[in-house]
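Atoms considered below: every heavy atom in the structure, side chains included; atoms not considered: hydrogens, waters and symmetry mates. The chains referred to below are lettered A, B, ... by the order of the sequence lines, with proteins before strands, and numbering in each begins at 1.
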There are 2 protein chains.
Amino acid sequence: MDETSQKIIDVTMALVRDKGYVATTTKDIAKDAQINECTIFRKFKGKKDIVLSGMKQQEWRANITPDVFKNVKWNLQEDLEMFMNNYLDRVNADFVNLSIGLRAPQIYDETAALIMKIPEIFIQYLTTYFEKMHDKGKLAEMDFHSLAITIFSSTFGYTFLKASFEDKLIDVKQKDYVEQSVKMFINGIQKNS
Amino acid sequence: MDETSQKIIDVTMALVRDKGYVATTTKDIAKDAQINECTIFRKFKGKKDIVLSGMKQQEWRANITPDVFKNVKWNLQEDLEMFMNNYLDRVNADFVNLSIGLRAPQIYDETAALIMKIPEIFIQYLTTYFEKMHDKGKLAEMDFHSLAITIFSSTFGYTFLKASFEDKLIDVKQKDYVEQSVKMFINGIQKNS
DNA sequence: ATTCATTGCAAGTACTCACTTGCGTGGAGG
DNA sequence: CCTCCACGCAAGTGAGTACTTGCAATGAAT
């Protein structure tokens with residue numbers, strides 16, 4: 001990948017994140033990349049091709065690799081906090097907005113599967129993690145898949161709401177949110193009397 | 001509001017939900033509403049005007065009214081399930097997709113505030129509910145606002161993920177999800193030994 | 001019977017879009 | 001010195017966009 005092509009990809013992905021796929025024009029891309037518009041079409045087949053090329057790069061796919069889940073301590077609090085922080089660090093506001101920017105009928109069919117991979121991996125891993133924790137006697141018997149979905153939903157919900165409305169809706173810092181949530185997930189909120 | 005205008009609004013909102021604001025054309029609207037394209041501009045100032053008119057109607061704003069929270073029983077399990085079900089029934093896949101369809105730079109500035117109102121109301125209400133429950137001695141001392149955000153995030157996350165990926169990602173039914181989540185929120189997941 | 005508002009129809013405007021073409025230029029490698 | 005390649009530049013294509021206009025037909029109210 002030559003320098004110019006990479007610049008085009010980076011600029012395009014940033015524009016899709018900020019304005020959406022349909023509203024991103026090739027003129028915008030050329031201007032931001034400081035190149036001539038026709039150079040875009042010398043490097044790529046078309047607008048869609050740029051985005052699909054970008055989607056193939058780790059950098060624009062939240063850098064999710066298997067070793068995200070490597071440092072498991074088999075301690076509920078530590079591990080859950082680590083999972084949530086790992087997810088929130090990677091699937092940040094930029095990535096959330098990019099995912100939404102890709103929701104255009106002209107392109108969504110070809111990107112949806114890739115976007116879904118990330119939540120899929122997390123939910124799948126969480127489920128097996130809970131099963132193992134149950135085997136170790138550290139977790140009560142329950143529907144582990146459903147549990148994984150609940151915890152993932154709350155993690156995803158937080159980063160999405162942050163990305164959409166910033167601090168206007170949610171003014172809780174990531175660190176505090178993770179700590180507070182995990183505490184509740186583990187111990188529950190009902191008063192023990 | 002005459003019949004034709006209402007038809008135009010309904011068709012437009014449905015198209016924005018399915019294809020996004022930018023990708024929705026006035027030709028599409030005319031075709032779906034079975035009217036001539038110029039009639040649209042006799043009734044409305046322009047495309048943006050149709051959407052903004054639609055946003056003012058309860059029907060296209062998830063029917064959130066204060067009496068959603070009316071039937072509070074002051075029982076953690078019953079109330080949380082009621083809140084979540086009320087939210088999920090109203091903010092369904094259609095509404096989630098509409099909210100995302102409205103995320104276009106040409107219109108988002110004028111709709112973001114309205115969209116944010118709904119989560120705002122829920123989080124606010126949940127927070128005061130938890131404070132009252134604590135006063136009644138049914139809830140441990142904690143950061144109630146942060147708690148409300150966690151529960152709201154998990155509720156929102158579920159409906160959003162359902163709307164985006166349908167059953168391909170999450171195959172848990174709403175009823176089961178709510179029951180399972182509330183159980184965890186209340187009692188925690190750690191094994192009592 | 002006349003009036004009047006609503007709508008359809010056909011044509012058209014000005015603009016923007018993705019994408020193309022032909023030619024010139026500058027710089028790196030042989 | 002020559003070749004080649006990446007790129008800039010200017011101009012243009014055809015299709016699509018939101019939005020407009022003039023005229024005719026319909027039908028309900030007066």
- What residues in residues 10-29 of chain A put a non-hydrogen atom under 4.0 Å from any atom of DNA chain D?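 Per residue number, the list is empty: none.
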- Item | salt bridge (Lys or Arg N to Asp or Glu O under 4.0 Å) pairs, two or more places apart, involving residues 61-75 of chain B |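 Passing the test, one end in residues 61-75 of chain B: no pairs.
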- Message: By the salt bridge (Lys or Arg N to Asp or Glu O under 4.0 Å) test, which pairs, at least two apart or in different chains, include something from residues 74-94 of chain B?
- Response: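 Every salt bridge (Lys or Arg N to Asp or Glu O under 4.0 Å) pair that includes a residue of residues 74-94 of chain B, provided the two are not neighbours, is B:Arg17-B:Asp94.
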Going by the rule salt bridge (charged side-chain N to carboxylate O under 4.0 Å, His left out), which residues pair with [X] if we only count those two or more places apart in sequence or in a different chain?
X	value
A:Lys173	none
B:Lys47	none
A:Asp135	none
B:Glu59	none

- Message: Take a 6.0 Å sphere around CD of B:Gln34 and say whether it holds more than 12 heavy atoms from other residues, nucleotides or ligands.
- Response: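 Counting neighbours around CD of B:Gln34, 12 or fewer heavy atoms of other residues, nucleotides or ligands fall under 6.0 Å, so no.
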- Message: Are more than 12 heavy atoms, taken from residues, nucleotides or ligands other than B:Lys19, located less than 6.0 Å from that residue's NZ atom?
- Response: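 For B:Lys19, atom NZ is crowded (more than 12 foreign heavy atoms under 6.0 Å).
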- Could you list the residues that satisfy ring-ring contact (aromatic ring centres under 6.0 Å, His included) with B:Tyr21, not counting sequence neighbours?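 Applying ring-ring contact (aromatic ring centres under 6.0 Å, His included) to B:Tyr21 gives none.
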- Contact residues, residues 46-54 of chain A to DNA chain C [heavy atom, < 4.0 Å]: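 Listed by number, they are A:Gly46, A:Lys47.
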- Query: Base, backbone or nothing for each nucleotide of nucleotides 3-9 of chain D, written B, S, -, heavy atoms under 4.0 angstrom, 5' to 3'?
  - Reply: ----BBB
- Item | Results of side chain to side chain donor-acceptor pair (under 3.5 Å) for B:Thr155 - residues two or more places apart only |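 Not a single residue meets the side chain to side chain donor-acceptor pair (under 3.5 Å) criterion with B:Thr155.
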- Atom pair CD1/OG1 of A:Ile29 and A:Thr39 - distance to nearest 0.5 Å: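 These two atoms lie 12.5 Å from each other.
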- Query: Do A:Phe69 and A:Phe122 have ring centres separated by under 6.0 Å?
  - Reply: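 Aromatic pair counts; centres sit under 6.0 Å.
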- Message: Could you tell me the boundaries of the chain B footprint on DNA chain C, defined by atoms under 4.0 Å from its heavy atoms?
- Response: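 The contact span of chain B on DNA chain C goes from C:dT7 to C:dC9.
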